[in-house]
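What you are looking at is a predicted structure, and each value in this text was computed from that prediction instead of being measured. Only this structure's heavy atoms are used, side chains among them; waters, hydrogens and symmetry mates stay out.
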Amino acid sequence: MASQNAGIIGMGHSYPEGILTNADLEKIVETSDEWITTRTGIKQRHKAAENEYTSMFGTEAAKRALEKAGLRPEDIELIVCATTTPDQILPCTGAIIQAQLGAHNAAGMDVFAACSGFLYGITMVESMIRTGQIKYALVIGAEVLTKYVDYTDRGTCILFGDGAGAAVLGPVPEDKGILATKIRSDGRFEEQLYCPGGGTKYGTTHETIDKRMHYFKMKGNELFKVAVRSMAEISAEMIEKAGLAVNDIDLVIPHQANQRITDAVASRLGVPEEKVYSNIAMHGNTSSASIPIAMDECIESGRITEGTTVLLTAFGGGVTWGGTVLRF
């Protein structure tokens, strides 16, 4: 079968109604709106209620993406859910979303690559569509990170928010779709951002709970340097692989981790500020959901239209990173 280009043909996003502002955090932990804004660019983040969980937002985002793509759930052959906050250990959240959608012809699976998870899913699915193994797939980034946040640690509790974004991928014309994509990891940096409790190494015991091992731990300063270098390098590599120059990129959508990281990556690439999209002020860091939420916002606002060439780049715990260049 001849090779065919894979591209995004529909997107959707969803997030909780609940909002946690910097002013709210001032009442919980020793911090201030000025301290948070200066260091991260975040003003607020969406926060799930106790009875809300990851698959709820992933399913809603997927429904909206399917509607925009003009497809039915039964048209989908694969659902990849990128998440670090699954509904439960077993079964995978991708299968739960499959059932909630009624996508009975699809295989459901999870990708566990932290903030780079959406690009991991895109890269996997692109090759399967290109080689004709499948025709249509859903790639979803969905997170309820606020349930893993330690509200006694002001270095991490200010960062994370909840939400989901979804993309329907399918065959597109030869000059459109994903032009270049690549994913990377380096486990030597494991302890720069991790959650040690709850696995087979450190199970759930009174000791691990008392030591607060079931919350996110981060070494921010070290992570910043590795993130900026990795995202800038893989972005430049993907632009070249796509046969383009930096000036050919119409819009850069980075993972929304920290405004200072976004600014540093753009500076290294030589991309002007007006070409870089940021929504971190309103959403915080939503991990694997951040890029698809931002992409759908850009589609809804008209910043992405037919022919727009977009660079996506992400970095997350593991550490993992990736870059994708695509034309809508």
Side-chain angles (χ1 to χ4, degrees), residues 11-65 81-87 93 97 114-115 117-118 140-166 193 195 214-216 218 220 253-262 277-301 303 314 316:
M11 296 203 73
H13 70 279
S14 173
Y15 42 74
E17 291 183 6
I19 290 175
L20 186 68
T21 66
N22 291 351
D24 294 328
L25 282 168
E26 288 176 355
K27 301 168 187 172
I28 300 170
V29 68
E30 186 183 345
T31 191
S32 69
D33 174 60
E34 182 186 12
W35 192 90
I36 297 169
T37 304
T38 302
R39 285 160 178 78
T40 69
I42 300 168
K43 302 296 287 186
Q44 66 170 49
R45 66 288 294 149
H46 291 269
K47 188 176 188 297
E50 282 300 314
N51 63 344
E52 294 178 319
Y53 39 90
T54 299
S55 66
M56 294 173 64
F57 304 107
T59 299
E60 183 58 34
K63 286 179 179 176
R64 294 174 184 178
C81 180
T83 186
T84 52
T85 57
D87 282 8
T93 305
I97 291 173
C115 308
F118 182 75
I140 303 163
E143 305 282 9
V144 176
L145 298 159
T146 57
K147 295 191 180 184
Y148 289 84
V149 163
D150 183 352
Y151 285 102
T152 67
D153 177 6
R154 73 170 188 168
T156 59
C157 73
I158 63 171
L159 297 173
F160 298 106
D162 304 331
L193 177 55
C195 180
H214 300 267
Y215 296 116
F216 296 136
M218 186 176 72
I253 301 180
H255 163 54
Q256 307 290 310
N258 181 307
Q259 190 61 46
R260 292 191 301 163
I261 291 177
T262 294
Y277 186 73
S278 174
N279 65 5
I280 193 168
M282 303 306 291
H283 296 291
N285 180 345
T286 55
S287 187
S288 66
S290 77
I291 286 179
I293 288 174
M295 290 174 74
D296 196 36
E297 288 181 347
C298 288
I299 292 169
E300 290 180 342
S301 67
R303 288 197 70 173

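Gly41 and Ile280 get closest at one heavy-atom pair: O-CG2, 4.1 Å. Nearest heavy-atom pair, Ala314 versus Cys115, reported as atom, atom and distance to 0.1 Å: CB-O, 3.8 Å. Gly165 and Ala289 get closest at one heavy-atom pair: N-CB, 4.2 Å. For Asp296 against His13, the heavy-atom pair with the smallest separation is OD2-ND1, 2.7 Å. Here the closest heavy-atom approach between residue Asp153 and residue Phe216 is recorded as OD2-O, 4.4 Å. When all heavy atoms of Ala61 and Ser14 are compared, the closest pair comes out as N-CB, 3.9 Å.
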Pair Leu25-Leu20, side-chain contact (heavy atoms from CB on, under 4.5 Å): steps then yes or no: CA-CA 7 Å; Leu25 282 168; Leu20 186 68; 3.8 Å; yes
Ring pair (Phe, Tyr, Trp, His ring centres under 6.0 Å) between Tyr148 and Tyr215, intermediate numbers included: CA-CA 5 Å; Tyr148 289 84; Tyr215 296 116; 8.2 Å; no
Evaluation steps, side-chain contact (heavy atoms from CB on, under 4.5 Å), between Cys298 and Ile253: CA-CA 9 Å; Cys298 288; Ile253 301 180; 4.0 Å; yes
Audit row: Lys47, Asp24, salt bridge (charged side-chain N to carboxylate O under 4.0 Å, His left out) steps and yes/no: CA-CA 12 Å; Lys47 188 176 188 297; Asp24 294 328; over 6 Å; no
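Distance check: Ser288 OG to His255 NE2 gives 9.0 Å after rounding to the nearest 0.5 Å. In this structure, Phe118 CZ and Ile140 CD1 are separated by 9.5 Å, a value rounded to the nearest 0.5 Å. One distance of note links CD1 of Ile42 with CG of Asn285; it measures 7.0 Å at 0.5 Å rounding. Rounding to the nearest 0.5 Å places CD1 of Ile19 at 14.0 Å from NZ of Lys43. The structure places CE of Met11 at 9.5 Å from CD1 of Ile293, a figure rounded to the nearest 0.5 Å. Remark: Cys195 SG to Met218 CE distance equals 13.5 Å, nearest 0.5 Å.
Under the 3.5 Å distance criterion, the side-chain polar atoms of Ser55 are left unmatched by any main-chain donor or acceptor of Ile97. Counting only distance, with no hydrogens or angles, the side chain of Ser290 and the backbone of Thr286 share no donor-acceptor pair below 3.5 Å. No donor-acceptor pair under 3.5 Å is formed between the side chain of Thr37 and the backbone N or O of Glu34. Proximity of a side-chain donor or acceptor of Arg45 to a complementary backbone N or O of Ile158 within less than 3.5 Å is detected. Of the possible donor and acceptor atoms, none in the side chain of Gln256 sits under 3.5 Å from a partner among the backbone N and O of His283. Checked by atom type and distance alone, the side chain of Asp87 pairs as donor or acceptor with a backbone atom of Thr54 at under 3.5 Å. Between the side chain of Arg154 and the backbone N or O of Val29, no donor-acceptor pair lies under 3.5 Å.
Side-chain contact between Arg64 and Glu60: present, with at least one pair of heavy atoms (C-beta onward) separated by less than 4.5 Å. Side-chain contact between Gln259 and Ser278 is present, with heavy atoms from C-beta onward closer than 4.5 Å.
Between the side chains of Glu143 and Thr83, at least one donor N or O sits under 3.5 Å from an acceptor N or O. Under the 3.5 Å distance criterion, with hydrogens and angles disregarded, no donor-acceptor pair is assigned to the side chains of Thr40 and Asn258. Looking at Asn22 and Gln44, their side chains never bring a donor and an acceptor atom within 3.5 Å of each other.
With respect to the salt-bridge test (charged N to carboxylate O, under 4.0 angstrom), the residues Lys147 and Asp162 do not qualify.
Aromatic ring centres of Tyr15 and Phe57: separated by at least 6.0 Å.
Around OH of Tyr277, the count of heavy atoms belonging to other residues, nucleotides or ligands within 6.0 Å exceeds 12.
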